[in-house]
Amino acid sequence: MEYKTSVNLAGVELKNPVMTASGTFGSAGEYGEFYDLGDLGAVVTKGVANVPWPGNPTPRIAETRSGMLNAIGLQNPGLDVFLQRDLPKLKKYDTKIIVNVCGKTTEDYCDAVERLSDADVDMLEINVSCPNVKEGGIAFGQKPEALEAITKEVKKYAKKPVIMKLSPNVTDITEMARAAEAGGADVLSLINTITGMKIDINRRTFAIANKTGGMSGPAVKPVAVRMVYQVANAVKLPIIGMGGITNGDDAMEFILAGATAVSVGTANFANPYAAKETADGILAYMKKYQVEDIKELIGAVR
Amino acid sequence: MEYKTSVNLAGVELKNPVMTASGTFGSAGEYGEFYDLGDLGAVVTKGVANVPWPGNPTPRIAETRSGMLNAIGLQNPGLDVFLQRDLPKLKKYDTKIIVNVCGKTTEDYCDAVERLSDADVDMLEINVSCPNVKEGGIAFGQKPEALEAITKEVKKYAKKPVIMKLSPNVTDITEMARAAEAGGADVLSLINTITGMKIDINRRTFAIANKTGGMSGPAVKPVAVRMVYQVANAVKLPIIGMGGITNGDDAMEFILAGATAVSVGTANFANPYAAKETADGILAYMKKYQVEDIKELIGAVR
Amino acid sequence: MKYQETALIKEQREIAPGIYSLWLQTEHIAEEARPGQFVSVYCHDESRLLPRPISICEIDRENKGLRLVYRAAGAGTQEFSGYGAGETLRLVGPLGNGFPLDKGYKKVFLIGGGIGVPPMVELSKQLPGEKIVVSGYRGGDLFLKEELSCHAQLVVATEDGSAGTKGNVLDAIKENGLTADAIFACGPGPMLRALKAYAEEQGMDCYLSLEERMACGIGACLACVCKSKDVDAHTNVRNKRICKDGPVFAADEIEL
Amino acid sequence: MKYQETALIKEQREIAPGIYSLWLQTEHIAEEARPGQFVSVYCHDESRLLPRPISICEIDRENKGLRLVYRAAGAGTQEFSGYGAGETLRLVGPLGNGFPLDKGYKKVFLIGGGIGVPPMVELSKQLPGEKIVVSGYRGGDLFLKEELSCHAQLVVATEDGSAGTKGNVLDAIKENGLTADAIFACGPGPMLRALKAYAEEQGMDCYLSLEERMACGIGACLACVCKSKDVDAHTNVRNKRICKDGPVFAADEIEL
Ligand SMILES: Cc1cc2nc3c(=O)[nH]c(=O)nc-3n(C[C@H](O)[C@H](O)[C@H](O)COP(=O)(O)OP(=O)(O)OC[C@H]3O[C@@H](n4cnc5c(N)ncnc54)[C@H](O)[C@@H]3O)c2cc1C
Ligand SMILES: Cc1cc2nc3c(=O)[nH]c(=O)nc-3n(C[C@H](O)[C@H](O)[C@H](O)COP(=O)(O)OP(=O)(O)OC[C@H]3O[C@@H](n4cnc5c(N)ncnc54)[C@H](O)[C@@H]3O)c2cc1C
Ligand SMILES: Cc1cc2nc3c(=O)[nH]c(=O)nc-3n(C[C@H](O)[C@H](O)[C@H](O)COP(=O)(O)O)c2cc1C
Ligand SMILES: Cc1cc2nc3c(=O)[nH]c(=O)nc-3n(C[C@H](O)[C@H](O)[C@H](O)COP(=O)(O)O)c2cc1C
Ligand code: FES
Ligand code: FES
């Protein structure tokens, strides 16, 4: 039997549903030292802004039970350096390239999105859960009106399909998903990290300098699967599911719950081959159950 | 040195800050087969309603990485049986007794609270995150106005101090804490479980019959510590912190973040002595750092 | 009385593909255990919190030995299978009620299906009267065959017909024209349902050992309930706790 | 080239209270490793995801052997300390830049403080020129003393005065009136800061191996940065990645 693993996200055809989660895979093919990144459906870059950001003080990360906290603070070299130096490195691989965009103001996002629209990239993923944004510090990603508004603005400048990345730190994820859909998003990705805190009881201080950090890794998977399921039942847009995926079996949970594609993030740190093995694992699952086309499995659990 | 581990919750003096999390410790001293429950600051019962509830179909639980999901569905024998049969069993122990109350409507809660007010219990904990309640299925615990209103109502009937138990499935936990405070709550407890889902990829169905379940255990600890910290900085009420506590070190994270007391839940399943060992571990921490009174450590990390 | 113990592994062997036999040295559990009870076995890996309930297969009371026979079904049991003599496992037990031994039946069927076979070993030793063990296996790996033949007549059914009757345990009973006063059984849901119906039909007493996902294992969390025919004394609803009120129930008390 | 390997433990010993020496057999890592580089060591326990970065202490290129010497500091290193010969550990490496070996210094100080001592062993073997190892310990357990005396003069400082100079490594340098052209150092933050200041004062070149929490270990996640004096070529901000651009930095490139 021939197995079809390819999926389509807003007109962009991925050879398989496996992508990398922004911020865990660098922007210049760092994991290409371990395997051919052409084995993946897409590579998603670290969040990049219109100007360089220095990020947060260290310690920036802390391990938690089956997970981790991070408060990198979106350190990035700025769009110019990304386009001139990092993008050409990624272009060497036979995979799709998705640029994750961050910003502090609507104008920041639009500026970056506009400049990226002329670059040789496949899609744009908009990270609207940055810690420091307008509106008195409340992220664009926690209010449906704000999310709809920024989606609309970004769409005006984007000549590539736009993925809106949703924050799980909300009462009702479907409300957020509907807002992004109403704003014109082409694809949704979820989940970003869950805000958490770890205290160093011996030093009696916060384990990370920023006090709070974003939780990721296998610990958050049940929350992520639940949200993907809820969103898949609330909107018509394709979904990129992520949060704690370490292998093909984890990925299948998301696909069965309704994700068209999946991203592997924190698992790359625990195993540099995690994303590739996830793609292999999905194929193995299809073979085990003789499912010819991955599309038959998307949202199959209802 | 003499070490003072006692804490005061709305006038109720606990010999140490360790309680049990509702629903994980039965209501009739089940764990008393392993140690003297008098070693704990308080025992919190399984949620009890004014009438018996049959709960959800099985499977009701699923294991997740460093955590679990449950959808017991608040099965309980009803208040009459609780008062006549279970309460006397708990009263044999030299510890405080806190009754966790659930309901479907405001009237249910008030009925139960009124009848409990004449019973020999020390405090009432109101679980406002039940899945099936009025208002079109949205729990009382996810809207500040609804939370404030039910707190006010319950307080009218309660002659014991009232603990309002907060749901973590909200955008802004401080808003909920302020609503409960405004409604007249005496104490806040947090966190209840985080809604999650697990999919059985081989049977292609949900791992628990209810589809979604509440996630608990060490996996959720960073979220719980963050919320306790946020709430401690937002309201003046004492806080009972819980979510993934397995030992004294975990408990100290919550106390340093601002909790006056802590509850041990899922950890009881992994180790029947977990709550007792948590109390021992807190004392050991105080001895290690020569802290005479636990109160000096409450909220000490800022 | 229930105990939490760190038990020493005396021996572990794979007795059929994926089926492991484990002899543990306990402090108190073996002395107090009865056939049909189980123990909660804990993983060392800290990402797996919940106990794995495993039935007691055999008891060596003199040496405080406990035998568990289990299938490496998932990550937890796979982990157990990697440990050898000299290593330890944390247990809580003995748990549950066990099979009733004092009913005075003259002749009973002890029926085990698949990984429900192991508890029949100790039961066949301790239950008085004449015993016919009927074991249902998938294929020809008739694990525990010797142990089961010691104290009882052994009749075998295999799904693929590679040994004994081709078919299930009821097929074996019928093929051999066997009769008894009562059934004591452990195995997969469909088998238990069929036995419940068969017992009703034949007017036999029937005791079934049930399985359900467990969290506490001691009756505190209400995870592991089954539906009961009447309102249960403890729960005050039509639910019984398998870990505490069971795992063995009279078939007519429960709905399957 | 970086490799992920399952390395075989050839030997593990506790060489001082809580300090373990581990010889691993690798496939490629030992052959490619340089002094001052490190490896990411992974836990078997699935609740601990992140790699533990451990410096390379000694390389046995011929036998593809790699020696790590580490302190059981927390749960992960405690886990490692429980494994013995015949068991395995998963590694990624070699990682980082290592110490520069080609600067042509006539005489250098190799300074290790506490658990920063181990990387000085391989460095003392491979660095050309005259070498004085200055090791700072808490108490009298002078782990790796023999190894460090083979290829270099060894001078010791102990906090409690139980051996060598009472005080820190700078006290030992001063007490013994030692001089050198350059410093190569690894150890706790306060020691590195003092050495940076001392080197500036004395006009010596100085290379410091830094520590920070790591997630990827290969330069992808930006967890492990230190502040750099100038805008860094890669990050385009004043941050350098310790795992990729370091862990060894010229003291005047970075802020401590
Ligand atoms: C009273 C009782 C007695 C049992 N006796 C035996 C026995 O003697 N031999 C044997 O091989 N098996 C027995 N089982 C089944 C055994 O408990 C499961 O095979 C085992 O828990 C699987 O764990 P795992 O980590 O390998 O699988 P996973 O699927 O990874 O386990 C995940 C979670 O689901 C639970 N779980 C998975 N399957 C079952 C199941 N069938 N029943 C209950 N919980 C399950 C696990 O305990 C764990 O909490 C018994 C079950 C019960 C309830
Ligand atoms: C480049 C480098 C080389 C090192 N070389 C050595 C060595 O040769 N010998 C040695 O004993 N130690 C060395 N360390 C420190 C060693 O990495 C930590 O002691 C170890 O990670 C602690 O892990 P744990 O699980 O025991 O502690 P835990 O505190 O339980 O670890 C929790 C998390 O924090 C991280 N962490 C804790 N302490 C440190 C630390 N000091 N530096 C970086 N991450 C830390 C862990 O990696 C883990 O992710 C080195 C660190 C770095 C960055
Ligand atoms: C170290 C780190 C850095 C991250 N940086 C970004 C980022 O720049 N932009 C973004 O949208 N998400 C970022 N994320 C979130 C991940 O892309 C992903 O949504 C989240 O980690 C959940 O997936 P996981 O559990 O597989 O890691 C980051 C996550 C981690 C752990
Ligand atoms: C099996 C189970 C049953 C629970 N039942 C209740 C309940 O009846 N009422 C309630 O307020 N919380 C209930 N909870 C939530 C716990 O009290 C606690 O808030 C939560 O599990 C987080 O703590 P933990 O991680 O220590 O378990 C239950 C949790 C579990 C795991
Ligand atoms: S497993 Fe908790 S009641 Fe049975
Ligand atoms: S640890 Fe990821 S960049 Fe250094």
Side-chain angles (χ1 to χ4, degrees), chain B residues 20 23-35 46-47 51-82 85-86 202 207-209 216-219 244 246 265-274, chain C residues 1-6 32 40-53 73-77 90-95 189 210-228 231-245 254-256:
Chain B
T20 60
T24 65
F25 214 70
S27 292
E30 280 80 358
Y31 283 89
E33 292 193 63
F34 294 93
Y35 60 92
K46 169 72 188 166
V51 294
W53 290 14
N56 288 328
T58 55
R60 290 179 168 186
I61 59 155
E63 195 180 54
T64 63
R65 281 281 285 266
S66 295
M68 66 177 284
L69 295 172
N70 91 79
I72 306 295
L74 293 168
Q75 176 184 329
N76 77 87
L79 200 53
D80 292 334
V81 168
F82 170 76
R85 184 193 59 195
D86 295 343
N202 296 309
I208 50 183
S216 62
T246 66
T266 300
N268 294 304
F269 306 151
N271 167 15
Y273 294 90
Chain C
M1 187 71 188
K2 303 183 177 78
Y3 303 91
Q4 174 166 241
E5 296 183 3
T6 299
E32 303 217 358
S40 278
V41 189
Y42 288 89
C43 295
H44 291 301
D45 191 289
E46 294 190 28
S47 72
R48 291 188 280 276
L49 305 174
L50 298 180
R52 274 56 185 165
T77 46
R90 189 160 53 89
L91 308 180
V92 169
L95 301 175
L210 304 190
E211 267 191 19
E212 189 46 80
R213 310 276 144 161
M214 294 185 179
C216 72
I218 64 162
C221 76
L222 307 176
C224 67
V225 298
C226 63
K227 285 266 149 250
S228 55
V231 166
D232 174 64
H234 176 84
T235 66
N236 200 27
V237 293
R238 285 179 52 202
N239 278 342
K240 284 180 181 292
R241 297 164 301 175
I242 292 176
C243 69
K244 175 100 175 179
D245 309 317
I254 50 162
E255 292 185 359
L256 278 180

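Values below: every heavy atom of this structure, side chains too, minus hydrogens, waters and symmetry copies. Protein chains get the first letters and strands the later ones, always in sequence-line order, with residue 1 at the start of each. Just so it is clear, the model here is predicted, and its values are computed rather than measured.
Remark: B:Asn56 CG to C:Asn239 CG distance equals 10.0 Å, nearest 0.5 Å. B:Thr58 OG1 to C:Ile242 CD1: the interatomic distance, rounded to the nearest 0.5 Å, is 7.5 Å.
By the 4.5 Å heavy-atom criterion applied to side chains, C:Arg52 and B:Glu63 are counted as neighbours.
Applying the ring pair (Phe, Tyr, Trp, His ring centres under 6.0 Å) rule to B:Tyr31 yields the partners B:Phe25; only residues at least two apart in sequence or on another chain are considered. Listed by chain and number, the residues in a side-chain contact (heavy atoms from CB on, under 4.5 Å) with B:Ala274 are B:Val264, B:Ala267, B:Asn268, B:Asn271 (sequence neighbours excluded).
Contact annotation for C:Glu212: only side-chain heavy atoms (C-beta onward) come within less than 4.5 Å of a heavy atom of chain B. With a 4.5 angstrom heavy-atom cutoff, C:Arg213 touches chain B via backbone and side-chain atoms both.
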Exercise for review: Check the pair C:Leu50, B:Ile61 against side-chain contact (heavy atoms from CB on, under 4.5 Å), reporting the backbone distance first and the verdict last.
Suggested key: CA-CA 10 Å; C:Leu50 298 180; B:Ile61 59 155; 4.1 Å; yes
Point to revise | Criterion side-chain contact (heavy atoms from CB on, under 4.5 Å) on B:Gln75 and C:Arg241, from CA distance to verdict | key: CA-CA 12 Å; B:Gln75 176 184 329; C:Arg241 297 164 301 175; 5.7 Å; no
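Annotation for C:Ala215 and B:Met68: closest pair CB-CE, 4.1 Å, computed over non-hydrogen atoms. Smallest separation of non-hydrogen atoms from C:Lys2 and B:Phe34: CB-CZ, 3.8 Å. Residues B:Arg60 and C:Val225 share a closest heavy-atom pair of CZ-CG2, 3.4 Å.
When each of B:Ala62, B:Gly55, B:Ala71, B:Pro52 is scored by its heavy-atom pairs under 4.5 Å with chain C, the top score falls to B:Pro52. Chosen from B:Thr266, B:Ile72, B:Asn76, the residue pairing most often with chain C at heavy-atom distances under 4.5 Å is B:Ile72. With respect to chain B, the highest number of heavy-atom pairs below 4.5 Å among C:Asp232, C:Leu49, C:Val92 belongs to C:Leu49.
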